[in-house]
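See structure below.
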Protein chains: 2
Amino acid sequence: MILSEQQLSLIEEFGVYQENNGFQPAVARVMGLLLVSDRAELTFDEISEALSISKSATSNALNMLLNTGNIEYTTFPGDRKRYFRIKSSNWREFFLKRMEDLSYLNGLLKRALDVRKRDNPIYDAKLNDFISFMDYMQNRMPSLIEEWEKSRK
Amino acid sequence: MILSEQQLSLIEEFGVYQENNGFQPAVARVMGLLLVSDRAELTFDEISEALSISKSATSNALNMLLNTGNIEYTTFPGDRKRYFRIKSSNWREFFLKRMEDLSYLNGLLKRALDVRKRDNPIYDAKLNDFISFMDYMQNRMPSLIEEWEKSRK
DNA sequence: TCATTAGTTCATAATTTACAGAACTAAAAT
DNA sequence: ATTTTAGTTCTGTAAATTATGAACTAATGA
């Protein structure tokens with residue numbers, strides 16, 4: 001497989017981004033490759049070779065991404081290879097996961113307000129502000145998604 | 001300083017959450033402590049003792065958090081100690097940073113669409129969907145914040 | 001002037017992580 | 001029957017991370 005300079009550097013940049021999201025370097029590169037490659041579906045060996053990573057690292061990365069639902073694969077009759085691709089539904093899920101993560105944080109902050117007996121209630125007010133803001137965002141999210149869907153018809 | 005069981009376990013839970021956000025364990029615990037402690041402002045030694053971490057780890061954590069703008073401190077005349085607290089403006093900034101992070105990702109995805117010459121344009125459509133969704137969210141964000149501010153008067 | 005306080009800095013130790021390489025397996029092909 | 005294919009699993013290790021403890025500093029206090 002031939003990758004342009006642009007593709008190679010985008011794989012790296014996307015890789016670093018996903019490392020910051022908690023993915024292992026090699027795992028993040030595999031996602032990057034599947035994102036930018038000209039063919040949407042790549043085999044085990046193509047991935048291993050394109051990224052110069054060992055078979056064990058490739059195996060680990062692909063199973064990781066399969067387990068987390070970030071990729072999937074298809075097969076073709078008379079061909080034992082699996083063809084891996086990014087799960088197309090994944091993008092929307094990605095956004096929703098981010099929102100869920102924020103409401104988990106919001107839950108922690110609510111509990112913090114609950115357990116601490118603050119000397120100075122000014123700090124409580126600031127935190128309450130944020131909690132109410134997050135609650136508001138969460139409530140508005142479904143209608144925002146709906147509006148977007150309408151807007152693009 | 002006395003911390004209840006609830007406070008201690010919330011520090012840990014918040015700590016793990018912030019570790020996933022890229023903070024070092026000890027740094028994450030310091031944030032947790034400042035979040036749940038009954039007094040909003042704590043000294044170097046109080047933090048070190050409450051979390052049973054060494055002075056060097058405490059120094060490192062506090063400077064880390066000062067540099068990233070997550071905490072700040074005040075002093076009092078005739079008292080050499082610094083009193084550390086969570087930066088109150090920080091919560092809103094936290095949310096905005098998350099949004100910025102998503103638009104950075106969106107930029108990467110736009111570049112991916114640009115550089116890859118996809119065999120099957122179905123995959124392009126899915127990605128375009130997400131990009132347009134993210135663009136929509138970004139555009140709506142300022143007015144959403146405004147609406148929230150109005151709604152709470 | 002000497003001791004104490006409030007930290008900082010440095011060398012180093014203890015984990016943790018992330019990957020390579022080799023040996024292995026199960027199914028299919030010859 | 002045995003070879004090839006398409007991976008998986010195991011062991012070892014290099015590198016990175018994270019924290020400790022001891023030595024240090026700069027300011028204040030006695």
**OP:** Assign B/L62 to base, sugar-phosphate, or nothing according to its heavy-atom contacts below 4.0 angstrom with the strands shown.
**Re:** nothing

Original post:
Looking at DNA chain C, which of residues 12-34 of chain A put a heavy atom within less than 4.0 Å of it?
Top reply: A/Q24, A/P25, A/A26

Subject >> DNA chain C: 5'-proximal contact among A/S52 and A/G78 (nearest heavy atom) >> reply: A/S52

Original post:
Crowded around B/Y83 OH? As in, over 12 foreign heavy atoms under 6.0 Å?
Top reply: yes

Subject >> Backbone of B/N63 reached by a side-chain donor or acceptor of B/N67 within 3.5 Å >> reply: yes

Original post:
What do you reckon, is CD of B/Q6 surrounded by more than 12 foreign heavy atoms closer than 6.0 Å?
Top reply: no

Subject >> Nucleotide interval of DNA chain C bounded by contacts with chain A (heavy-atom cut-off, under 4.0 Å) >> reply: C/dA18 to C/dA28

Original post:
Which nucleotide in the list D/dA6, D/dT8, D/dA19 gets nearest to the side chain of B/A57?
Top reply: D/dA19

Original post:
Can you hop from A/F130 to B/Y17 via hydrophobic side chains spaced under 4.5 Å?
Top reply: yes

Subject >> Along DNA chain D (nearest heavy atom to each residue), the more 5'-positioned of A/S59 and A/R80 >> reply: A/R80

Original post:
In this structure, which one of A/K110, A/R118, A/R116 forms a salt bridge (charged side-chain N to carboxylate O under 4.0 Å, His left out) with A/D124?
Top reply: A/R116

Original post:
Across the strands shown, which category fits B/N63 at heavy-atom distances under 4.0 angstrom: base, sugar-phosphate, nothing?
Top reply: sugar-phosphate

Original post:
How close or far is atom C1' of D/dT8 from atom OH of A/Y73, stated in whole angstroms?
Top reply: 14 Å

**OP:** For the residue pair A/T43 and A/D45, confirm or rule out a side-chain donor-acceptor distance under 3.5 Å.
**Re:** no

**OP:** Select base, sugar-phosphate, or nothing to describe what A/K55 touches, counting heavy atoms under 4.0 Å on all strands.
**Re:** base

Original post:
Please walk me through it: do B/N120 and A/E41 pass side chain to side chain donor-acceptor pair (under 3.5 Å)?
Top reply: CA-CA 10 Å; B/N120 188 339; A/E41 294 171 335; over 6 Å; no

Original post:
Taking A/L35 as the fixed residue, which of B/L109, B/L108, B/L113, B/V115 is the one that meets the side chain to side chain contact (heavy atoms under 4.5 Å, CB included) rule?
Top reply: B/L109

